[in-house]
Amino acid sequence: MDYVKKKRKVVQIVRRRRRRSLELIENMAIDEGGLARRLWFKFRDDSVFSLYTPFFVGLASATLHSETTFRHFISQDLHFLKAFVLAYELAEDCADDEDDKHGLRDLRKRAFGRLQMHDTFVREWGFEFPNEDISKDIATTKYTDFLLATASGKIEGERSVLDKIATPFEKTKVAAYTLAALAPCMRLYAFISTEIQGIINPDQDSTHIYKSWIENYSSQVFEEIALQNEDMLDKLSVSLTGEELEIIEKLYHQAMKLQVDFIAAQPISDQQSVVPLSRVHDFSKRHLTILCDFDLACTAFDSAAILAEIAIITAPKADMDGSDQTQLARMPSADLRSTWDVLSTQYTEQFEQCVESIVASERVEELDYERLCSALEQLAEFERKANERVVQSGVLKGLNAEDIKRAGQTLILQDGCRSFFQKIVKNKSLKTDVHVLSYCWCNDLIVSAFSSGDLNVLNVHSNELVYQESVTTGEIVKKMESPMEKLQVFNDVLIDRRGEGNKHLTVYIGGSVGDLLCLLEADIGIVVGSSSSLRRLGDHFGVSFVPLFSGLVKRQRELADQDCASNWWKPLSGVLYTVSSWAEIQAFILGSSKLVLRKISMATFWQERQREEDVI
């Protein structure tokens with residue numbers, strides 16, 4: 001096999017891994033239901049930016065100013081409900097099937113009923129509106145205008161749909177488009193309210209000021225409304241073409257973004273918030289240092305397996321005499337695969353045995369950092385021996401530097417990871433540096449993985465492969481093999497920052513046992529991924545794992561009680577925050593681009609909004 005073919009093989013194997021990952025995700029989405037559920041699954045990360053706004057963190061913590069911010073928020077329901085009623089009516093006119101018309105008529109009646117009962121609901125929630133007409137927000141106007149334009153067959157970037165219609169049957173696509181603009185709104189509020197309801201303690205929060213609103217939108221009745229919208233969207237979309245389904249997806253996503261923008265635009269008057277991190281703290285006087293693991297925190301696959309796959313794919317076949325080998329001698333690909341399988345199995349079994357021996361000791365309720373460090377020494381020795389076995393085996397011998405870089409450039413990163421770092425490094429208002437700390441055997445693989453996203457400014461700290469004329473010798477320059485060595489790099493980074501005389505805030509993002517000490521030593525430790533070993537060891541030594549949103553709600557309450565922003569975050573608190581996606585991390589640190597976080601009086605807000613309306 002010549003060198004060009006080998007390079008093509010490397011690209012092919014990486015692409016196959018990417019396809020398998022995407023197919024898995026698609027299959028998971030299909031299992032969730034029809035088109036509407038697949039669209040929700042695809043764009044669900046957008047909903048996180050609503051949940052992590054000062055508005056909903058304040059609402060969940062019951063610290064939101066009720067007479068200003070919340071009353072303004074629910075006043076906009078009137079405009080949404082009026083637009084819903086009209087949109088359903090227009091969709092019903094376009095529907096061709098009597099069952100569809102009946103379903104849309106029922107949705108319209110439900111929306112109209114909620115509109116008629118709006119004042120009653122608001123009074124039940126403990127609020128009153130003034131007698132004068134309630135004006136419409138800019139963000140509300142953008143969504144309602146978009147919805148009604150869609151229901152009238154006017155799609156942005158397209159000719160009027162109604163102009164193209166030749167038969168009554170074709171009008172049904174307008175009804176489908178309308179439901180695509182409606183369904184995400186219902187699902188978003190059902191999702192948010194259910195998330196908030198899930199962290200409210202029924203015993204402690206019986207007097208929660210927003211309890212009635214939360215229960216209303218997390219109720220089975222509202223869930224049925226959301227499902228009815230989604231079922232109708234699925235039914236109306238059955239006969240659409242591929243091009244028309246693309247329009248459905250576009251409209252759904254646009255509706256979701258407009259709803260997120262509406263929530264982010266809610267004015268927070270005269271009160272502090274814990275989110276987003278980048279706008280709460282004054283980073284003109286403080287430096288933000290973000291440190292992150294690589295394998296399975298940033299990536300979808302472990303880098304060790306990727307390097308082994310490159311070695312196997314580019315290795316000579318058993319029937320080749322090696323006469324064309326001008327580089328280092330290598331074992332045949334079949335032998336390489338067999339050797340790697342043995343190494344991989346041995347690593348997994350011995351790692352699990354090591355963890356079992358550690359958790360056999362007495363469990364503690366509160367963080368015992370010294371005992372944790374002593375226990376991790378066992379893992380450190382295990383990692384060193386495992387790396388030495390890899391070197392002695394020769395599986396990393398003969399890899400071409402270009403093959404490694406090419407594999408890195410096509411490496412699948414976790415959804416949202418690359419875009420988060422891109423936004424961080426491009427944010428001119430932040431004094432930020434980013435460091436990647438990894439056990440990965442190959443620094444070049446990490447560097448090339450981020451190079452395709454204009455992220456060459458990331459600082460990478462990892463082990464390195466030894467090269468001879470751009471081909472690996474099989475040796476590893478061992479710089480980071482244990483949690484203690486990773487912590488030493490972490491501390492060295494902070495020492496350099498302290499030497500510059502800056503106040504600093506540190507965030508560490510990791511997902512493996514090797515990250516445990518760094519996670520605890522950071523001001524904010526965020527656990528991404530689902531490592532059961534990390535959870536078991538942490539829990540055994542008194543580490544608390546708290547969902548990030550729940551933790552922020554608790555801190556918002558503490559902030560309201562103390563009315564002081566000092567000591568929000570500190571190292572060795574014993575608390576680590578868990579997330580299910582990089583979208584949560586971005587929402588927490590950077591927030592939505594549409595976020596309004598000026599602390600202004602409501603009178604000033606209304607004056608500024610009136611000026612905006614006058615301009616429009």
Side-chain angles (χ1 to χ4, degrees), residues 48 51-52 57-58 60-63 195-196 198-201 204-205 272-278 280-281 286 288-293 297 358-359 363-373 375-376 437 483 486-487 490-491 494 504-562 564-582 584-589:
V48 171
L51 192 63
Y52 279 76
V57 171
S61 62
T63 62
E195 289 291 306
I196 295 175
I199 64 173
I200 292 179
N201 186 317
Q204 297 177 356
D205 296 320
Q272 292 180 306
S273 176
V274 297
V275 290
L277 194 70
S278 61
V280 170
H281 294 276
R286 183 189 294 259
L288 175 62
T289 300
I290 297 177
L291 306 102
C292 182
D293 190 15
I358 291 173
V359 298
R363 182 180 178 276
V364 297
E365 295 298 326
E366 295 185 0
L367 177 63
D368 191 332
Y369 189 73
E370 290 185 5
R371 277 189 60 201
L372 174 61
C373 290
L376 290 178
L437 282 59
K486 185 173 279 195
L487 180 61
F490 173 93
N491 288 330
L494 299 192
H504 64 273
L505 184 71
T506 58
V507 177
Y508 191 94
I509 304 163
S512 68
V513 171
D515 297 313
L516 197 46
L517 298 183
C518 293
L519 284 163
L520 290 166
E521 290 276 5
D523 294 313
I524 305 170
I526 299 177
V527 178
V528 60
S530 56
S531 169
S532 59
S533 299
L534 171 64
R535 303 291 183 103
R536 287 188 69 196
L537 284 175
D539 180 70
H540 190 77
F541 291 100
V543 178
S544 297
F545 294 90
V546 178
L548 179 58
F549 180 70
S550 177
L552 291 172
V553 169
K554 180 181 178 181
R555 284 194 171 271
Q556 185 66 44
R557 288 176 182 150
E558 294 169 352
L559 176 62
D561 292 339
Q562 298 170 2
C564 176
S566 63
N567 298 322
W568 281 0
W569 311 103
K570 58 182 179 179
L572 296 178
S573 66
V575 177
L576 299 181
Y577 298 96
T578 62
V579 297
S580 59
S581 70
W582 278 87
E584 286 190 73
I585 298 173
Q586 182 175 325
F588 165 50
I589 295 177

- L372 to F541 - nearest heavy-atom pair and separation: CD1-CD1, 3.6 Å
- Item | Spatial distance of atom CG (L520) from atom OG (S573) [nearest 0.5 Å] | 7.5 Å
- Task: Give the C-alpha distance, both sets of side-chain angles, the deciding distance and a yes or no for side chain to side chain contact (heavy atoms under 4.5 Å, CB included) between L291 and C518.
- Result: CA-CA 9 Å; L291 306 102; C518 293; over 6 Å; no
- Worked check of side chain to side chain contact (heavy atoms under 4.5 Å, CB included) between V48 and F549: CA-CA 10 Å; V48 171; F549 180 70; over 6 Å; no
- Task: Could you tell me whether the side chain of E584 reaches within less than 4.5 Å of the side chain of S581, counting heavy atoms only?
- Result: yes
- Min side-chain heavy-atom separation L516-P483 under 4.5 Å: no
- Task: For I509 and W582, run side chain to side chain contact (heavy atoms under 4.5 Å, CB included): C-alpha distance rounded to whole Å, both residues' side-chain angles, the deciding distance at 0.1 Å, then the answer.
- Result: CA-CA 10 Å; I509 304 163; W582 278 87; 3.9 Å; yes
- Item | Residue pair I358 / A375: nearest heavy atoms and the distance that separates them | CD1-O, 3.4 Å
- Query: What's the spacing between H281 NE2 and L288 CG if we round to 0.5 Å?
  - Reply: 9.0 Å
- Considering all heavy atoms of both residues, which atom of V364 and which atom of R371 are nearest to each other, and what is their separation? CG1-NH1, 3.1 Å
- Where do S61 and Q556 come nearest, in terms of heavy atoms and distance? OG-CG, 3.2 Å
- Message: Rounded at 0.5 Å granularity, tell me how far CD1 in I196 sits from OG in S550.
- Response: 11.5 Å
- Message: So which atom in I524 and which in L277 form the shortest heavy-atom distance, rounded to 0.1 Å?
- Response: CD1-CD2, 3.9 Å
- Compare every heavy atom of F588 with every heavy atom of L548, then report the nearest pair and how far apart it is. CD2-CB, 3.8 Å
- Task: With rounding to the nearest 0.5 Å, note down the distance linking OG in S512 to CG in L537.
- Result: 11.0 Å
- Task: To the nearest 0.5 angstrom, please state how far the CG atom of L576 sits from the OH atom of Y508.
- Result: 11.5 Å
- Query: Going by heavy atoms in the side chains, are V546 and K554 under 4.5 Å from each other?
  - Reply: no
- Evaluate side chain to side chain contact (heavy atoms under 4.5 Å, CB included) for D515 paired with L534, printing each intermediate quantity in order. CA-CA 9 Å; D515 297 313; L534 171 64; 5.8 Å; no
- Are any non-hydrogen side-chain atoms of D561 and T63 less than 4.5 angstrom apart? no
- Message: What I want to check is whether the side chains of Y369 and E521 have a donor and an acceptor closer together than 3.5 Å.
- Response: yes
- Item | Euclidean distance, T506 OG1 relative to F490 CZ, rounded to 0.5 Å | 4.5 Å
- Answer whether the closest heavy-atom distance between the side chains of V507 and W569 falls below 4.5 Å. no
